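See below for the structure under consideration.
Here the structure is a predicted model, which means the values were calculated and not measured. In what follows, chains are A, B, ... by sequence order, proteins preceding strands, each numbered from 1.
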Number of protein chains: 2
Amino acid sequence: MPARSDLRERTRQAVRAELVTVAWELFVRQGYDATTVDEIAAAVGMSQRSFFRYFSSKEDIVLGKFQAFGEILADALAKRPGEEDAWTALRRALDWFVGGSERDPRYGLELLRLTDQTPALKARRLEQQTHWQELLAPHVATRLDPPATGANDLRPAALAGAALACMNVANAAWVAGDGNQSLGRLIDEAMRAVRPSAF
Amino acid sequence: MPARSDLRERTRQAVRAELVTVAWELFVRQGYDATTVDEIAAAVGMSQRSFFRYFSSKEDIVLGKFQAFGEILADALAKRPGEEDAWTALRRALDWFVGGSERDPRYGLELLRLTDQTPALKARRLEQQTHWQELLAPHVATRLDPPATGANDLRPAALAGAALACMNVANAAWVAGDGNQSLGRLIDEAMRAVRPSAF
DNA sequence: ATTGACTTGTCAGCGGCTGACAAGTTGGGC
DNA sequence: GCCCAACTTGTCAGCCGCTGACAAGTCAAT
């Protein structure tokens, strides 16, 4: 029942990682749509069928990168001081991304550019963010003035969703400016517009 | 240059409408994924190839319904009194949907249920909402305290995006409650959570 | 009635994706 | 070291969404 042996699981992850690396290179060079799964598989020396044994879809190779972000965001939010109000805590949770954008903007720029320019990827990314919203909501719930109780309370999801919408707007502006403006400031601007009284 | 003659254009629209009706029935009965384009085409007595002459994709048959909504929303927002603050105007613009949900909830419920339960459709619907955001933004811009000037100002898009996020949360809750709760109240709750001082 | 614009079906093909099967490889207990 | 069971792999065949090309037909306007 413990699934695969550790060794097998590790090699599996290694193959996945190589697939991501190779595919990413092709995507950046010739575009997502113009790159076929056959091509990716051939580039790492495996059959197309085997590719789909590592990734359930071509999109997954890109979207996998975003999956982890949701958990990181939720973690960051959970770790904020309990007295912090929800909106401020959400803003601070996003600092993890801001930090990344400052250390090395290239990675984020590539990721956002590709996902924004490819409609299929953009759509999937937005869908995935609704999962982020669900991960964030419980940690928002405890920070509301009358704390949220059941799942009937719309406030946590609304705040999380609004914050993510602001993040998207800021990200788009950041990409449009080739990463030259401070992502942190852009997020501030977007989030302050929604809540003028905040931080 | 005037494109198709009126008659041809009208029959074209009629065929499109029938295609939508028939396809919608199949989608509701057996699910979106379980319905093939061949099936839809056969049901109206045309070849699959001709189907794609009326709709550029299978998704378009469903998403076409949403396309008009963005324009309606933007219109409604534009028609709000100029002194109204942005957030209130956005809330009021959404009343058009609220009205529809009260007149006949079934249509909206079906539409939302199908699009929420089918990942591909959910993703595309969210993507389309980023277009709504762009349509709304200019009408938000004029209602800001220091009115927004250039496209560099993130505030209009942020507010529009946040409002749409609230709408989505409210819609989801509305569907979860089988349309028994007032959609207007749910939107109020979500939007007030983001802007406690509002309306 | 003729012409030219428009629509249609058919066919052939690509790309993403899946099930089934057979062949091969490998980790771990003996 | 050997062996077996577990796992991986490639191949093949096929479905579905979608597209280009072509030939046959329909229809509006003259």
Handout entry: CA sep, side-chain torsions, deciding dist, call: Phe97(B), Ile187(B), side chain to side chain contact (heavy atoms under 4.5 Å, CB included)
Key = CA-CA 11 Å; Phe97(B) 295 114; Ile187(B) 297 180; 5.8 Å; no

Fill in the blank from the handout: Readout for nucleotides 18-23 of chain C: B = base within 4.0 Å of protein heavy atom, S = sugar-phosphate only, - = neither; 5' to 3' it is BBB---

Practice task
Answer yes or no: does atom CD of Glu25(B) have more than 12 heavy-atom neighbours from other residues, nucleotides or ligands under 6.0 Å?
Solution key: no

Handout entry: Thr118(A) side chain reached by Arg124(A) side chain, heavy atoms, under 4.5 Å
Key = no

Problem - Distance in angstrom units between Arg10(A) CZ and dC7(D) P, rounded - result: 16 Å

Practice task
Check each residue of residues 20-43 of chain B for a non-hydrogen atom within less than 4.0 Å of any atom in DNA chain D, then write out the ones that pass by number, or none.
Solution key: Thr35(B), Thr36(B), Val37(B)

Completion exercise
The side-chain contact (heavy atoms from CB on, under 4.5 Å) partners of Thr36(A) (sequence neighbours excluded) come to Asp38(A), Glu39(A)

Practice task
For Met46(A) and for Glu59(B), find the nucleotide of DNA chain D with the closest heavy atom, then tell me which residue's nucleotide is more 5'.
Solution key: Met46(A)

Practice task
Taking Arg16(A) for its side chain and Tyr54(A) for its backbone only, find out whether a donor-acceptor pair lies under 3.5 Å.
Solution key: yes

Fill in the blank from the handout: In B/S/- notation (B base, S sugar-phosphate only, - none; protein heavy atoms under 4.0 Å), nucleotides 24-30 of chain C written 5' to 3' is --BSS--

Handout entry: Arg92(A) bridged to Asp95(A) by N-O distance under 4.0 Å
Key = yes

Problem - Rounded distance in Å - CZ (Arg16(A)) to P (dT8(D)) - result: 13 Å

Exercise for the section: Give a yes or no on this: more than 12 heavy atoms of other residues, nucleotides or ligands lie within 6.0 Å of atom CZ of Arg113(A). Expected result: yes

Handout entry: With Asp60(B) via side chain to side chain donor-acceptor pair (under 3.5 Å) - residues at least two apart
Key = Ser56(B), Ser57(B)

Practice task
Could you tell me whether Phe51(B) contacts a base, only the sugar-phosphate backbone, or nothing, with contacts defined as non-hydrogen atoms closer than 4.0 Å?
Solution key: nothing

Practice task
Can you measure from CH2 (Trp96(B)) to NZ (Lys79(B)) and round to the nearest 0.5 angstrom?
Solution key: 11.5 Å

Practice task
Report yes if at least one side-chain N or O of Ser50(A) is closer than 4.0 Å to OP1 or OP2 of dG10(D); otherwise report no.
Solution key: yes

Completion exercise
From CZ of Arg12(A) across to C1' of dC7(D) the rounded distance in Å is 11 Å

Problem - ring pair (Phe, Tyr, Trp, His ring centres under 6.0 Å) contacts touching residues 121-163 of chain A (sequence neighbours left out) - result: none

Fill in the blank from the handout: Only residue of Met191(A), Glu189(A), Arg192(A) satisfying side chain to side chain contact (heavy atoms under 4.5 Å, CB included) with Leu154(B) is Glu189(A)

